Asks: 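Before I ask anything, let me first share the structure, which is written out below as structure tokens.
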Protein chains: 2
Amino acid sequence: METKEISQAVIGRLPRYLRYLGDLKDEGVERISSQELSERMNVTASQIRQDFNNFGGFGQQGYGYNVAYLYDEISKILGLDHKYHFVIIGAGNLGKALGNYLNFERRGFIFEGIFDKNPDLVGQDVRGVKVMAIEELEHFLKENPVEIAVLTIPKTSAVDLVNVLVDNGIQAIWNFAHVDLDVPEGILVENVHLSDSLMKLSYNINRRKAEKES
Amino acid sequence: METKEISQAVIGRLPRYLRYLGDLKDEGVERISSQELSERMNVTASQIRQDFNNFGGFGQQGYGYNVAYLYDEISKILGLDHKYHFVIIGAGNLGKALGNYLNFERRGFIFEGIFDKNPDLVGQDVRGVKVMAIEELEHFLKENPVEIAVLTIPKTSAVDLVNVLVDNGIQAIWNFAHVDLDVPEGILVENVHLSDSLMKLSYNINRRKAEKES
DNA sequence: ATCACTTTGTTAAAGGTTTGTCAAGTCATA
DNA sequence: TATGACTTGACAAACCTTTAACAAAGTGAT
């Protein structure tokens with residue numbers, strides 16, 4: 001009942017903590033202080049303590065944090081102790097890349113199906129799953145429990161598809177289409193706008209160049 | 001000479017403005033007020049005015065902003081009036097997906113080469129460019145002007161490769177490997193950590209579920 | 001059991017970002 | 001040309017995030 005609303009700034013840092021803690025576990029490190037972790041990660045120790053404290057104190061004075069325990073706790077916070085089922089819409093190279101990415105499976109994200117409207121792609125194999133025609137999507141969603149849809153299709157198709165998805169039980173959309181999706185209240189969207197990321201890079205290249213010249 | 005350091009929060013929003021302005025241009029809209037744009041984009045009008053003002057006033061009282069002019073100005077700020085040359089390291093599905101993405105070309109990002117260490121992939125065609133062996137990379141970079149390297153390879157290979165890249169003139173790295181790269185001062189890195197993005201989604205699915213149950 | 005040392009959790013201050021407000025400039029119309 | 005409606009740019013206030021500082025609690029050597 002104690003929902004004190006963690007900021008997305010904090011949530012956004014958790015996966016990185018998890019990555020470093022995983023590395024530490026692999027190295028056989030059992031405990032770590034915020035100070036030591038801060039040096040590895042290039043952030044302030046204060047921020048680390050503050051972040052972890054949002055969830056109520058995983059450490060111990062004079063000792064620091066237990067790596068394995070902290071790793072497990074952050075995993076739970078991120079919901080990685082659950083299983084999620086996802087389908088990919090769009091079997092181009094990007095869709096295939098995501099279907100083939102084994103690390104998602106390790107984190108509990110289970111690849112259930114992949115769809116495309118191009119008949120030439122239908123029947124192709126992506127990690128043991130056959131590409132299905134987009135017409136089969138609705139039926140498939142009704143028959144199989146799927147929480148997440150991954151959209152790797154052009155923007156117009158993406159917008160048209162949203163209703164089919166939410167009407168058939170999809171709760172969250174991982175959106176690679178270059179458009180802001182308009183979804184009903186309660187449906188989650190996480191955008192990955194690759195060209196936005198590339199433009200940020202281009203801005204910074206340019207700015208650095210301008211600085212040098214001045 | 002007047003470098004008043006724009007915050008990355010603002011820069012991060014510019015690509016989205018550009019997207020909406022492009023749509024407006026396509027719709028034939030000539031001018032728009034911050035109020036109207038804010039309704040379309042679901043942000044405050046105040047933020048829009050503040051953001052644009054970082055670069056010194058593109059609008060006019062009583063009129064609003066000229067869509068085409070604003071579009072061009074933001075393009076310039078993002079450095080999209082320049083050409084950049086990039087190579088992709090890693091010719092798996094993700095590397096191929098990025099090589100095939102025509103929109104990058106439209107924005108001035110020119111696909112020059114793609115490399116892989118897997119001999120089975122060498123010689124394959126990605127949008128008219130043949131996959132080269134990773135051993136050829138160094139020579140290629142010395143012969144061709146390339147500013148950006150796109151890394152779509154596993155993390156250990158990525159870390160090992162950084163020195164080769166920066167020693168041969170690469171200025172910026174668009175990093176899809178799941179690791180924080182340690183680069184010399186002055187080299188830019190833009191990370192795209194897909195699994196981090198997926199974990200954020202998983203956190204939010206979970207949180208929403210917890211809220212419903214309470 | 002004590003003591004010097006370590007390190008957290010917490011609070012407060014500093015720094016940044018976003019939003020609200022309004023004077024001043026522009027447009028459209030009579 | 002005068003007027004009313006509109007809209008920006010600028011400033012201030014509100015809000016949020018990060019950093020600094022330190023008391024309290026635990027560790028570990030003797």
Side-chain angles (χ1 to χ4, degrees), chain A residues 2-17 20-21 24 29-74 77 200 203 207, chain B residues 2-17 20-21 24 29-74 77 196 200 203-204 207:
Chain A
E2 40 134 354
T3 11
K4 47 175 174 171
E5 191 70 47
I6 312 299
S7 87
Q8 290 292 315
V10 175
I11 303 307
R13 283 191 290 266
L14 295 184
R16 187 156 178 260
Y17 289 131
Y20 276 84
L21 291 167
L24 285 165
V29 178
E30 264 177 32
R31 63 187 242 189
I32 194 158
S33 67
S34 57
Q35 180 58 41
E36 214 183 326
L37 187 56
S38 78
E39 282 158 17
R40 279 199 180 225
M41 294 187 65
N42 251 300
V43 297
T44 63
S46 215
Q47 179 164 74
I48 290 176
R49 293 204 295 276
Q50 197 79 279
D51 281 350
F52 293 168
N53 248 79
N54 279 292
F55 308 99
F58 300 138
Q60 190 156 52
Q61 281 113 322
Y63 176 90
Y65 299 87
N66 178 288
V67 171
Y69 174 69
L70 188 54
Y71 182 91
D72 288 347
E73 288 303 312
I74 294 180
I77 293 164
K200 273 192 276 174
Y203 170 83
R207 187 178 56 106
Chain B
E2 41 134 354
T3 12
K4 47 176 173 172
E5 190 71 47
I6 313 300
S7 86
Q8 289 292 315
V10 175
I11 303 308
R13 284 191 290 266
L14 294 184
R16 186 156 180 262
Y17 289 131
Y20 276 84
L21 290 167
L24 285 165
V29 178
E30 262 177 35
R31 64 187 238 191
I32 193 157
S33 68
S34 57
Q35 181 57 41
E36 214 183 325
L37 188 55
S38 78
E39 281 157 19
R40 282 199 178 225
M41 294 189 64
N42 250 298
V43 297
T44 62
S46 217
Q47 179 165 75
I48 291 176
R49 294 205 294 277
Q50 195 79 283
D51 282 350
F52 293 168
N53 248 80
N54 278 292
F55 308 99
F58 299 137
Q60 190 154 50
Q61 281 113 322
Y63 174 90
Y65 298 88
N66 178 288
V67 171
Y69 174 69
L70 189 53
Y71 181 91
D72 287 347
E73 288 302 312
I74 294 181
I77 292 165
D196 290 16
K200 271 191 277 176
Y203 170 84
N204 284 310
R207 186 177 59 105

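Values in this document were obtained by computation on a predicted structure and should not be read as measured data. Labels below follow one simple rule: chain letters A, B, ... track the order of the sequence lines, proteins then strands, and each chain is numbered from 1.
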Asks: In this structure, how many angstroms lie between the P atom of D:dA10 and the CG atom of B:Asp51, rounded?
Replies: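 One finds 14 Å between P of D:dA10 and CG of B:Asp51, rounded.
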
Asks: Could you state the CD-P distance from A:Gln35 to D:dA21, rounded to the nearest angstrom?
Replies: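 So the CD-P distance, A:Gln35 to D:dA21, works out to 13 Å.
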
Asks: Between D:dT18 and A:Arg13, is there an OP1 or OP2 to side-chain N/O distance shorter than 4.0 Å?
Replies: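 Yes, because at least one side-chain N or O of A:Arg13 sits under 4.0 Å from OP1 or OP2 of D:dT18.
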
Asks: Atom CD of A:Gln47 and atom C1' of D:dT17: how far apart are they, to the nearest Å?
Replies: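 So the two atoms are 8 Å apart, to the nearest Å.
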
Asks: Taking any atom closer than 4.0 angstrom to a non-hydrogen atom of chain A, what span of DNA chain C does the protein reach, first nucleotide to last?
Replies: C:dT6 to C:dA12

Asks: How many Å lie between CG on B:Leu70 and C1' on D:dT7, as a whole number?
Replies: 15 Å

Asks: Round to a whole Å and report the spacing from CG of B:Asn53 to C1' of D:dT7.
Replies: 12 Å

Asks: Whole angstroms only, please: what is the CD1-P distance between B:Ile48 and D:dG9?
Replies: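 Rounded to the whole Å, the gap is 12 Å.
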
Asks: Please state how far atom CG in B:Asn54 lies from atom P in D:dG9, giving the value in whole angstrom units.
Replies: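 Rounded to the whole Å, the gap is 12 Å.
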
Asks: Taking any heavy-atom pair under 4.0 Å as a contact, classify A:Ser46: base, sugar-phosphate, or nothing.
Replies: base

Asks: Look at the side-chain N and O atoms of B:Tyr65 and state whether any lies under 4.0 Å from the OP1 or OP2 oxygen of D:dG9.
Replies: yes

Asks: State whether B:Gln50 places a side-chain N or O below 4.0 Å from either non-bridging phosphate oxygen (OP1 or OP2) of D:dG9.
Replies: no

Asks: Do B:Gln61 side-chain and D:dT8 base share a donor-acceptor contact under 3.5 Å?
Replies: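 Flag set: donor-acceptor pair detected.
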
Asks: Do B:Arg31 and B:Glu36 meet the salt-bridge criterion of a basic N to acidic O distance under 4.0 Å?
Replies: no

